[in-house]
Amino acid sequence: MLQKLNPQFIFSYLGLIPYLIININKYFIFQINLELTIHFSIYYTVIIIVFIGSMNWNLDKKLDKMIVIYGLLPSLYSIIIIILNLINFDFKKIILLLVIFLIIQLFFDYKFIYSKKENKIAFYFLRIPLTFLISIFLLIFIS
């Protein structure tokens, strides 16, 4: 069974650990400064959003213009989130915007990328669960 586990799946799920830690800290341990965990959760999620967007780029071949634009949007969105955070916009609203964008990104990933693929295992067992788990962790954090 261990031979069938994809290391990329394992590392992707390990990326949930920081969300788990900040939620445990906020509700039980109280050791890490709340403001630091707020900024960390925002920037860590921005990194994930940009990473997901860049995964669709294949520099070895010419891509459809729509895919290129779609791959650029997460970076632009992330810049807006960073600016909102730097001007001290309400962090709960920023987190909600991040959750909304993650779900929109999931929908469009399926529409533009995965609907054309025969093998949708990565989408069903990685993208969907991770997107919803990240969203849940973020929503718990702001509650």
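These figures come from a predicted structure and were not determined experimentally. Worth knowing before you read on, the calculation uses all heavy atoms, side chains too, and leaves out hydrogens, waters and symmetry mates.
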key: Chi angles and distances behind the side chain to side chain contact (heavy atoms under 4.5 Å, CB included) call for Y13, L126   = CA-CA 8 Å; Y13 278 98; L126 196 66; 3.8 Å; yes
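- Around atom CZ of F9, more than 12 heavy atoms belonging to other residues, nucleotides or ligands sit under 6.0 Å away.
- Residues L86 and L97 are members of one and the same hydrophobic cluster, defined by side-chain heavy-atom contacts under 4.5 angstrom among Ile, Leu, Val, Met, Phe, Trp and Tyr.
- The CD1 atom of I142 sits 14.5 Å away from atom CZ of F137, with the distance rounded to the nearest 0.5 Å.
- Taking CD1 from I80 and CD1 from I83, the interatomic distance works out to 7.5 Å, rounded to the nearest 0.5 Å.
- Note: L102 CG to I48 CD1 = 7.5 Å, rounded to the nearest 0.5 Å.
- The same ILVMFWY cluster, assembled from side-chain heavy atoms under 4.5 Å apart, contains both L138 and I82.
- Listed by first and then second residue, the salt bridge (Lys or Arg N to Asp or Glu O under 4.0 Å) pairs involving residues 29-52 amount to none (not counting sequence neighbours).
- Cluster annotation: I113 is connected to F125 through the hydrophobic network of ILVMFWY side chains, with a link wherever side-chain heavy atoms come within less than 4.5 Å.
- Nearest heavy atom pair, residue I140 against residue N23, reads CG2-OD1, 3.5 Å.
- Under the 4.5 Å side-chain contact rule for hydrophobic residues, I79 and V50 do not share a cluster.
- Linking ILVMFWY residues whenever their side-chain heavy atoms come closer than 4.5 Å, directly or via other members, leaves F30 and I21 in distinct clusters.
- Expressed to the nearest 0.5 Å, how far CD1 of I134 lies from CG of L16 amounts to 5.5 Å.
- Shown here are the ring-ring contact (aromatic ring centres under 6.0 Å, His included) partners of F112, two or more places apart in sequence or in another chain: Y70, F108.
- Interatomic distance, H39 NE2 to L34 CG, rounded to the nearest 0.5 Å: 9.5 Å.
- With sequence neighbours excluded, the residues satisfying ring-ring contact (aromatic ring centres under 6.0 Å, His included) with Y110 are F123.
- For the pair I81 and T45, the minimum side-chain heavy-atom distance is 4.5 Å or more.
- Counting all heavy atoms, side chain and backbone alike, N25 lies closest to I32 at OD1-N, 2.9 Å.
- Residue pairs satisfying the side chain to side chain donor-acceptor pair (under 3.5 Å) criterion with at least one member in residues 124-142, sequence neighbours excluded, are listed as follows: D109-R127, R127-T131.
- Between the side chain of Q105 and the main chain of I52, no donor-acceptor pair closer than 3.5 Å is present.
- Residue N6 comes nearest to Q8 through the heavy atom pair OD1-N, 2.9 Å, listed as atom of the first residue, atom of the second, then distance.
- Residues passing the side chain to side chain donor-acceptor pair (under 3.5 Å) test with S143, sequence neighbours excluded: Y27.
- Across K116 and K111, no two heavy atoms sit closer than the pair NZ-O, 4.5 Å.
- In this structure, F51 and P74 have side chains that are not in contact, with every pair of non-hydrogen atoms separated by 4.5 Å or more.
- Separation of atoms CG (N85) and CD1 (I38) is listed at 9.0 Å; rounding is to 0.5 Å.
- The shortest side-chain heavy-atom distance between F91 and S41 does not fall under the 4.5 Å cut-off.
- The two residues Y77 and L98 make their nearest non-hydrogen contact at OH-N, 3.5 Å.
- A distance below 6.0 Å separates the ring centres of Y44 and Y19.
- Residues K26 and T37 are not in side-chain contact: their nearest non-hydrogen atoms beyond the backbone lie 4.5 Å or more apart.
- The minimum heavy-atom distance linking I22 with F40 is given by the pair CG2-CD2, 4.0 Å.
- Applying the side chain to side chain donor-acceptor pair (under 3.5 Å) rule to pairs touching residues 89-104 yields nothing, sequence neighbours excluded.
- Between L139 and L96 the shortest side-chain heavy-atom distance falls below 4.5 Å.
- In this structure, F11 places its CZ atom where only 12 or fewer heavy-atom neighbours from other residues, nucleotides or ligands lie under 6.0 Å away.
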